[in-house]
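Report on one structure; see the data block that follows.
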Amino acid sequence: MPEGDTIHHAAKRLREALVGHDIVELATPHPRHGRDRWPQRLSGRAVSGVDAHGKHLFVRFEGELTLHSHLRMTGMWGVYRRGRRWSRSPHRAWLVLRTGQRDIVQFDGPVLELMTDSRTRFDQRLTGLGPDIIGDDFSERAYLRRLRGDDLTRGIGEALLDQRNLAGIGNVWKSEACFLAGVSPWRSSGDVSDDEALEIVREARPLMLISAERGGHIVSYRPQRNASRRRRIAPEEESTWVYGRAGRPCRRCATPIRVRGQGDDNRATFWCPACQA
Ligand SMILES: [Zn+2]
């Protein structure tokens, strides 16, 4: 599932491709949007900005209209030079924006809606979001306030995934951030001190900012220099401390990494039982 860093990276690529470029064609191939008349409603309007909050992405058009997207588990944004082959089938495209140079495509998008700017400011799903961990205006105090106002009996691993507490963290960063802060994801959030709760976001934020800038898969662990050159390594395996490494030795203490489903959604949580006692 794309996490906040991936969405911010998509916003950056869309901004570069759309702002200052004329849209020569806008199409909504998916039948669900067949009657929405977006091509007519957006005709002649330039894109004034593209931004993200957590896992939500907003393409803002002149005249107070905004496309809101959330990719959930399956969606993706692609930016392709005109004439290049897309990375997913055109049958899976929900939205295509064409400029003179680029095709900008949303595939498999479960949430894609056109709304007025004012609705983006009042929509409860959006106004209820917690501070964006990699937003320019991220506030540690706002994050703590929301965390403390939440159900304090929940495990901190589950609380971190609740986008009303903190927007942008997903399942991979949740496990990695708890490991880096030395906090067990199973401790109830009420037992996690303010310092520990802040340490979790202070560990994750700079790594997520790098990822948002560069794109690509999540990298929280880098092997020592020369250690793994020339070897073919599955990227996700070699780039995390605990995520995806169940049963393998902890990179710090060699204790086997464990995994178990957590919370109502039973999301896989990875942790080192020794480093995160
Ligand atoms: Zn360990």
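As the structure lists them, so they are numbered: ligands from 1, and atoms in each ligand from 1.
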Give every protein N, O or S atom lying under 2.8 Å from the Zn ion (ligand 1), naming each by residue and atom. C250 SG, C253 SG, C272 SG, C275 SG
Would you say the side chains of D103 and W86 form a donor-acceptor pair under 3.5 Å? yes
For a quick check under 3.5 Å, do D195 and S193 share a side-chain donor-acceptor pair by atom type? no
Does the side chain of T99 come within less than 4.5 Å of V24's, by heavy atoms? no
Result of checking L161, D264, N165 against R154 for side-chain contact (heavy atoms from CB on, under 4.5 Å): N165
Do NZ/NE/NH1/NH2 and the carboxylate oxygens of R187 and D191 come within less than 4.0 Å? no
Identify each donor-acceptor pair in which a side-chain atom of residues 206-216 lies under 3.5 Å from a protein atom, sequence neighbours left out, and give them as a table.
from, atom 1, to, atom 2, distance (Å)
S211, OG, D5, OD2, 2.6

